[in-house]
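Below is one structure, written out as C-alpha cells; comments come after it.
Chain A is the first sequence line, chain B the second, and so forth, proteins listed ahead of strands; every chain is numbered from 1. Remember, it's a predicted structure, so these values are computed and weren't measured experimentally.
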Number of protein chains: 2
Amino acid sequence: MKTISDIAKMAGVAKSTVSRYLNGGSVSETTKKKLENVIKETGYIPNTFAQSLKAKKPNIIGTIIPRLDSYATTQTLIGIDEELRKLNHQMLISNSSQDLEREIENMYEMARQKVAGIILLATQITNAHLEAFEKVDIPVLLVGQEHKGVYSIIHNDYDAAYDMGKYVLEKGHRRIAFLGVTEKDIAVGVKRKAGFKRAIQEVDGVNVRFYETTFKIDDAIAISSTIIDEFKPSVLVCATDNIALGAMKAAYLKGVRIPEELSITGFGGYEITEIIHPALTTAKFYYQDAGRMAAQSMIQLINYEEIEPLIFSKYKIIEKESVDNL
Amino acid sequence: MKTISDIAKMAGVAKSTVSRYLNGGSVSETTKKKLENVIKETGYIPNTFAQSLKAKKPNIIGTIIPRLDSYATTQTLIGIDEELRKLNHQMLISNSSQDLEREIENMYEMARQKVAGIILLATQITNAHLEAFEKVDIPVLLVGQEHKGVYSIIHNDYDAAYDMGKYVLEKGHRRIAFLGVTEKDIAVGVKRKAGFKRAIQEVDGVNVRFYETTFKIDDAIAISSTIIDEFKPSVLVCATDNIALGAMKAAYLKGVRIPEELSITGFGGYEITEIIHPALTTAKFYYQDAGRMAAQSMIQLINYEEIEPLIFSKYKIIEKESVDNL
DNA sequence: CTGAAAGCGCTTACAG
DNA sequence: CTGAAAGCGCTTACAG
C-alpha cells in the first residue's frame with residue numbers, strides 16, 4: 001500500500017503538497033496534473049486512521065442495536081442511515097445480539113473508535129449502562145426507551161396502548177386477553193400494558209386477563225393456544241405484531257376463525273401485517289421517522305445545541321380485518 | 001479526553017509502560033495497581049486510530065449490503081457477525097440502498113478505513129465493480145452472486161429452481177406461470193429461471209408462461225392479479241418469497257383459494273412463510289450459514305490461505321400447504 | 001520491569 | 001504556490 005510519502009516522492013513534491021492537493025488547498029495547475037496522474041496510476045487511498053488522528057470532529061455516529069432480525073430495528077436503522085448521510089455523517093452499526101453486557105462493551109468499543117456520538121436502540125437500561133453513558137464522554141441518545149437524565153426518543157407506547165384499548169372496547173369486546181412481555185422492558189412490557197389497562201378501567205363489566213410471553217413467535221403460538229383454550233377471549237390484544245402473528249397461527253392451527261371467533265391486534269405496523277389475511281389491526285409506529293429524528297437530534301447534540309430531553313415519535317391505529325365488531 | 005501521556009504523567013511512569021500495561025506486557029504489581037486506579041478514575045479510553053496506525057493486521061471486515069429491509073440480508077449479516085466475533089474480528093456494515101454507484105463508493109471508503117477485507121452482498125457486478133475490486137487491493141468476497149475471477153459464495157439457485165420445477169410437475173401441474181425478476185440479477189433473475197426451465201423442458205405437454213416483476217410486494221400483487229385473470233395457471237412459481245406473498249395477497253383479494261384453485265411457491269425460506277396460512281412451499285436458502293461461510297472464507301483470504309473460488313451454500317425444498325396435488 | 005526514542009501516515013501552521 | 005518541521009496518540013524494538 002502506497003503512502004503519502006510515496007506519492008510525494010513519485011511526483012517530486014513534498015508530502016504537504018500532496019496533502020493540500022487531496023484536501024482542496026491551493027496547488028498549481030502543473031503539480032495538480034502530476035499528482036492526479038500519480039494517484040490514478042498507483043490507486044493511492046489515504047489512510048483514514050492517520051487522517052482521523054489529526055482531524056477535527058469525527059463524523060461517524062455509532063448505532064448499537066439489540067438484534068438485526070427485527071422489523072423495528074432495520075426500519076430505524078434505515079431512517080438513521082439516510083438522515084446521517086444527508087447530514088454528511090456516517091453510521092457505524094454494532095449488534096449486541098440481545099446481550100446486555102455486550103451492549104456495554106460495544107459502547108466502550110465505539111468510544112475507543114472515536115465515534116462522535118452513540119445512538120442506542122435500547123431495551124433495558126441498567127446501572128452499567130448509566131455508568132457507560134458517563135464514561136464514554138460523548139453524546140448518547142436512546143431510541144425506544146426513555147431514562148431520566150438521558151436524551152431519549154420514544155414511541156408513544158402508553159397512548160398507543162390506551163387508544164388500542166379504547167378501540168377494542170368500542171368494538172364491543174368485554175372478554176379480553178392481553179398478551180404482553182416482561183416488565184424489564186419498560187416501553188413494551190410496562191407502558192403498553194399500562195396504557196391498555198387505563199382504557200379498560202374506564203369501562204365497567206370487562207373481564208380481562210393478562211398473560212406474558214417472549215418476543216419469539218413460537219412462544220406466542222404456544223401460549224396463545226393455551227389462552228384460547230382456557231379463557232376463550234373474544235379479543236386477544238398482543239404487545240407486538242410478531243406476537244400477534246403467533247396468535248393468528250395458533251388460532252389457525254386450532255381451526256378458530258379470525259375475526260369471527262377471535263379478534264387479534266398487534267403493535268408495530270410491520271409490512272407483513274398488511275399482506276397476510278386477514279390483515280392485522282395494529283398500532284403502527286413510524287420507525288424510519290424515529291430513526292431520522294434520532295439522527296437529527298444526535299447531530300444537534302454533537303454540535304452542542306439544545307434539544308428536548310424526551311421526544312415522542314408518532315403512532316397510528318391501523319384498522320384492518322382482524323377485529324370483529326360485536 | 002485523556003491520552004496515554006496524561007495517564008503516564010499521572011501515574012508517574014513512561015508512556016511505554018502504560019502501553020505495555022494495556023496490552024498485557026510485563027508490568028510490576030505496584031505500577032499495575034497504580035495504572036489500574038488512574039485509568040479507572042479518568043475513564044481513559046485508548047484511541048483506536050492511533051492504535052491502528054501502528055498496529056499489525058487490521059481486524060475489521062467490511063460488509064456492504066444493498067438494503068437493510070430484507071430477510072436474506074439481515075440473516076446473512078447475523079451469520080457473518082457471529083462468526084467474525086468468534087474469530088476475533090469485527091464487522092463494519094455499510095448500506096448502499098440499492099444504489100450501485102454508492103456501492104462502489106462504499107468500497108473505496110472502506111479501503112480508506114483500512115478494513116482487512118470486504119464482503120459484498122452483491123446484486124449486480126459491473127465493470128466499475130471489477131475496477132474497484134482491483135484498486136482496493138484487499139480481499140473481496142461476493143455473497144449471493146458469482147463472477148469469474150472473484151471469490152464467491154452463492155446459493156445454489158439453479159439446482160433449487162430445477163428441483164422446484166420438478167416438484168410442481170410431480171404434483172401434476174401442467175399450466176404453470178413463472179414470475180421472475182430482471183435478468184440483470186444473475187442469481188435470482190437468470191439462474192432461478194434457467195433451472196426451472198430445464199425441469200419444464202424434460203416433460204411434454206406443459207403450458208408455461210414467464211412473467212417479470214420487481215422485488216416489491218406491491219408490484220407482485222398487481223401483476224399476479226393480471227396473471228390470474230389472463231392465464232389462469234394452476235400454479236404460480238415465484239422467484240422470491242416476497243413475490244409469493246404478494247401473489248397470495250392477490251389471490252386472497254380476488255377470492256381465489258390457495259391451494260385449491262391456485263398453488264403458489266417461493267424461494268428464500270423467510271420465517272414468515274411458515275407462520276402464514278396456508279404456509280408457503282418454498283426453496284429454503286440457509287442465509288446465516290452462508291454468512292458464516294463468508295466470514296470464515298474471508299478470514300482465510302486475509303491470512304493468504306487458499307480457498308475455493310466458488311462455494312455453494314445449501315438449500316432445501318420445504319413442502320408446506322400452498323401447493324395442491326392434482 | 002522500565003524508559004527514551006523512533007516511527008506509523010497523515011495535517012497544519014509557519015516560512016519562504 | 002511550496003516545503004520543512006512538528007505533532008496527532010499510540011506501539012515497539014532497544015537499552016538498561
Where along residues 10-23 of chain B does a heavy atom come under 4.0 Å from DNA chain C, residue by residue in number order?
B/V13, B/A14, B/S16, B/T17, B/R20
The nucleotide from D/dT2, D/dC10, C/dT2 with an atom nearest the side chain of B/T31 is C/dT2
DNA chain D: stems of at least 3 consecutive Watson-Crick or G-U pairs, cut-off 3.5 Å?
C:1-3 with D:14-16, C:5-12 with D:5-12, C:14-16 with D:1-3
Once you round it to whole Å, what is the distance between P of C/dG9 and CD1 of A/I4?
11 Å
Residue list, side-chain contact (heavy atoms from CB on, under 4.5 Å) with A/L92, at least two apart or on another chain:
A/I60, A/M110, A/Q113, A/V115, B/L92
Integer-rounded Å distance: D/dG9 C1' and B/I39 CD1:
14 Å
Rounded to whole Å, how long is the line connecting atom OH of A/Y44 with atom C1' of C/dC10?
7 Å
How long is the line joining CG of B/D6 and C1' of D/dC10, in whole Å?
13 Å
Look at the side-chain N and O atoms of A/S28 and state whether any lies under 4.0 Å from the OP1 or OP2 oxygen of D/dT2.
yes
Does A/D99 have any salt bridge (charged side-chain N to carboxylate O under 4.0 Å, His left out) partners at least two apart in sequence or in another chain, and if so, which?
none
Between P of D/dT11 and CD1 of B/I7, the distance in whole Å:
13 Å
Applying salt bridge (charged side-chain N to carboxylate O under 4.0 Å, His left out), name anything that partners B/R292, two or more places apart in sequence or on another chain.
B/E82, B/D289
Determine yes or no for a side-chain-to-main-chain donor-acceptor pair under 3.5 angstrom, with A/E146 supplying the side chain and A/I153 the backbone.
no
Separation of B/K9 atom NZ from D/dG9 atom C1', in whole Å?
13 Å
Return each pair, listed once, that meets salt bridge (charged side-chain N to carboxylate O under 4.0 Å, His left out) where at least one residue sits in residues 34-43 of chain A; pairs must be two or more places apart or across chains.
none
Contacts of B/N23 meeting side-chain contact (heavy atoms from CB on, under 4.5 Å) (sequence neighbours excluded), chain-then-number -> B/S19
From the list D/dC10, C/dT11, D/dT2, which nucleotide is the closest neighbour of the side chain of A/Q51?
C/dT11
From the options A/R102, A/R67, A/E103, select the one residue that forms a side-chain hydrogen bond (donor to acceptor under 3.5 Å, both in side chains) with A/S97.
A/R102
Salt bridge (charged side-chain N to carboxylate O under 4.0 Å, His left out) involving A/K32 - partner list, sequence neighbours excluded:
A/E29
Identify, with sequence neighbours excluded, every residue that meets salt bridge (charged side-chain N to carboxylate O under 4.0 Å, His left out) alongside B/E83.
B/K86
Starting from C1' on D/dG7, measure out to CG on B/N47 and report it in whole angstrom.
14 Å
Name the nucleic acid region contacted by A/S5, choosing base, sugar-phosphate or nothing; use a 4.0 angstrom heavy-atom cut-off, strictly under.
nothing
Over how many whole Å does the gap from B/K33 atom NZ to C/dC1 atom C1' extend?
16 Å
